[in-house]
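Everything below concerns the one structure shown next.
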Amino acid sequence: MDFQQYQDYFQEILSDPNAAAPYNNIDYLDYTKLNWTRQQRWLKTGVVDAVLAETIAAIRNARQWIVITEPWCGDAAHTVPFIHKLTQLNNLISVSYQLRDSEPFLIEQYLTNGSKAIPKLIIRDEAGNDLLTWGPRPLKCQAIYNNLTAAHADFGTIKTELQKWYNQDKGKSFQRELLEVLGKVTG
C-alpha cells in the first residue's frame with residue numbers, strides 16, 4: 001500500500017466500532033488512537049534534517065523503500081512520518097507500506113533478535129537487492145528499552161519512558177542514523 005492507503009487503513013480502524021483483532025481489544029485501539037495523533041503531529045511539525053534531505057535529493061538511481069509497520073505500533077508513529085517526508089524528496093524513490101501481521105509477512109525475513117519488531121525500513125536498489133535495513137527504533141531509544149526490560153520495568157513505564165525520549169528527540173536520531181548508512185549506498 002502507499003502512504004495514503006496506510007492512512008486510510010488507520011482511519012478505518014479508528015472509525016469501525018467492530019474492528020477486527022487486534023483492534024477489538026481496547027488497549028490496541030487506544031494505542032492506535034494515540035499513534036494517529038502522534039503521527040499527525042510529526043507530519044505537521046517534524047523537521048527534516050537538511051543534510052539528509054540533500055543526500056536523498058542526490059539519489060540518481062531508482063530505489064524502493066519498504067516500510068513494515070502497524071497502526072498499533074508506538075515506535076512506528078514516531079518514525080513513519082519522517083520516512084514519508086523523506087521519500088517525498090526524490091521521485092526515484094518508490095515506497096510501499098506493508099503490515100507486519102498480514103500477508104506477505106515480509107517481517108519474517110527481517111527479524112530483530114528473533115522477534116518481529118517494527119517499524120522496519122528496507123531500502124532496495126532497482127534490481128530488488130537489499131541495500132540496507134533499519135529498525136525498529138533509534139539506537140539511543142533501543143538502549144533505554146533494553147535497560148528497562150533488563151530491569152523488569154512494567155509495560156506502562158517502558159511506554160512512558162520511550163514516549164518521553166521520542167518527544168525530546170524529535171526524529172533527529174532516526175535521521176542521523178539513516179544519513180550515516182544511506183551515505184554508503186546512495187547513487
Side-chain angles (χ1 to χ4, degrees), residues 1-17 19 22-23 25-57 65-90 93 95-102 112 116-123 134-145 148 153-182:
M1 68 180 75
D2 64 21
F3 187 71
Q4 186 58 54
Q5 290 167 323
Y6 180 62
Q7 296 294 282
D8 292 346
Y9 175 70
F10 223 124
Q11 282 296 295
E12 287 172 26
I13 292 165
L14 296 175
S15 64
D16 184 356
Y23 302 103
N25 175 318
I26 191 66
D27 291 334
Y28 275 90
L29 188 57
D30 286 345
Y31 300 145
T32 304
K33 288 176 185 175
L34 279 172
N35 292 338
W36 175 261
T37 302
R38 292 169 178 155
Q39 180 177 260
Q40 297 313 303
R41 181 187 65 204
W42 293 126
L43 286 169
K44 290 177 186 170
T45 66
V47 176
V48 172
D49 177 86
V51 176
L52 179 56
E54 289 174 15
T55 301
I56 290 173
W65 290 28
I66 302 166
V67 182
I68 304 173
T69 188
E70 285 285 348
W72 52 256
C73 179
D75 294 297
H78 293 284
T79 305
V80 167
F82 289 97
I83 294 171
H84 173 68
K85 287 175 173 258
L86 295 168
T87 61
Q88 300 301 296
L89 300 174
N90 189 319
I93 298 172
V95 62
S96 66
Y97 294 82
Q98 296 193 12
L99 300 174
R100 184 194 86 164
D101 299 331
S102 299
T112 302
K116 297 178 182 180
I118 55 174
K120 281 285 188 178
L121 170 63
I122 301 117
I123 298 180
W134 179 92
R137 48 179 79 88
L139 295 174
K140 289 180 183 177
C141 186
Q142 185 65 46
I144 293 168
Y145 176 84
L148 290 169
D154 64 88
F155 185 61
T157 299
I158 293 170
K159 284 189 327 183
T160 300
E161 292 305 311
L162 295 185
Q163 177 65 32
K164 285 180 190 176
W165 184 88
Y166 278 115
N167 285 342
Q168 292 171 350
D169 183 71
K170 297 180 176 21
K172 293 175 185 172
S173 292
F174 161 70
Q175 292 184 77
R176 277 192 301 267
E177 289 176 21
L178 184 59
L179 178 61
E180 183 177 315
V181 294
L182 195 58

Using ring-ring contact (aromatic ring centres under 6.0 Å, His included) as the criterion, list what pairs up with Trp65, not counting sequence neighbours. none
Between Phe10 and Gln39, does a side-chain contact (heavy atoms from CB on, under 4.5 Å) hold up when you go through it step by step? CA-CA 11 Å; Phe10 223 124; Gln39 180 177 260; 3.8 Å; yes
Tell me whether [X] contacts the main-chain N or O of [Y] through its side chain, where contact means a donor paired with an acceptor under 3.5 Å.
X      : Y      : answer
Asn90  : Ile56  : yes
Thr37  : Lys33  : yes
Gln5   : Asp2   : yes
Asp169 : Trp165 : no

Could you report the tightest heavy-atom contact between [X] and [Y], atom names first, then the distance?
X      : Y      : value
Pro136 : Gln142 : CG-OE1, 4.0 Å
Glu177 : Leu139 : OE2-N, 2.7 Å
Ile122 : Ile68  : CD1-CD1, 3.7 Å

Straight-line distance of [X] [atom1] to [Y] [atom2], nearest 0.5 Å:
X      : Y      : atom1 : atom2 : answer
Gln4   : Tyr97  : CD    : OH    : 11.0 Å
Leu89  : Leu52  : CG    : CG    : 8.0 Å
Thr160 : Phe155 : OG1   : CZ    : 9.5 Å
Gln175 : Glu180 : CD    : CD    : 14.0 Å

For a quick test of your reading: what N or O donor-acceptor pairs under 3.5 Å do the side chains of residues 69-86 make, sequence neighbours left out?
residue	atom	partner	partner atom	Å
Thr69	OG1	Tyr6	OH	3.3
Glu70	OE1	Tyr23	OH	3.4
Glu70	OE2	Arg100	N	3.1
Glu70	OE2	Asp101	N	2.8
Asp75	OD1	Arg137	NE	3.2
Asp75	OD1	Tyr166	OH	2.6
Asp75	OD2	Arg137	NE	3.3
Asp75	OD2	Arg137	NH2	2.8
His78	ND1	Trp42	NE1	2.9
His78	NE2	Gln163	OE1	2.9
Thr79	OG1	Asp75	O	3.2
Lys85	NZ	Leu43	O	3.1
Lys85	NZ	Gly46	O	2.9

Using a distance-only test with no angle check, is there a side-chain donor-acceptor pair under 3.5 angstrom linking [X] and [Y]?
X      : Y     : result
Lys170 : Thr45 : no
Thr32  : Asn35 : no
Asn167 : Arg41 : yes

I would like to know whether Gln98 and Ile66 meet side-chain contact (heavy atoms from CB on, under 4.5 Å); could you show each step before the answer? CA-CA 7 Å; Gln98 296 193 12; Ile66 302 166; 4.1 Å; yes
Applying the side-chain contact (heavy atoms from CB on, under 4.5 Å) test to Val95, which of Ile123, Val67, Leu121 qualifies?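 With Val95 as partner, side-chain contact (heavy atoms from CB on, under 4.5 Å) holds for just one option, Val67.
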Give a yes or no on this: more than 12 heavy atoms of other residues, nucleotides or ligands lie within 6.0 Å of atom NZ of Lys172.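 Open.
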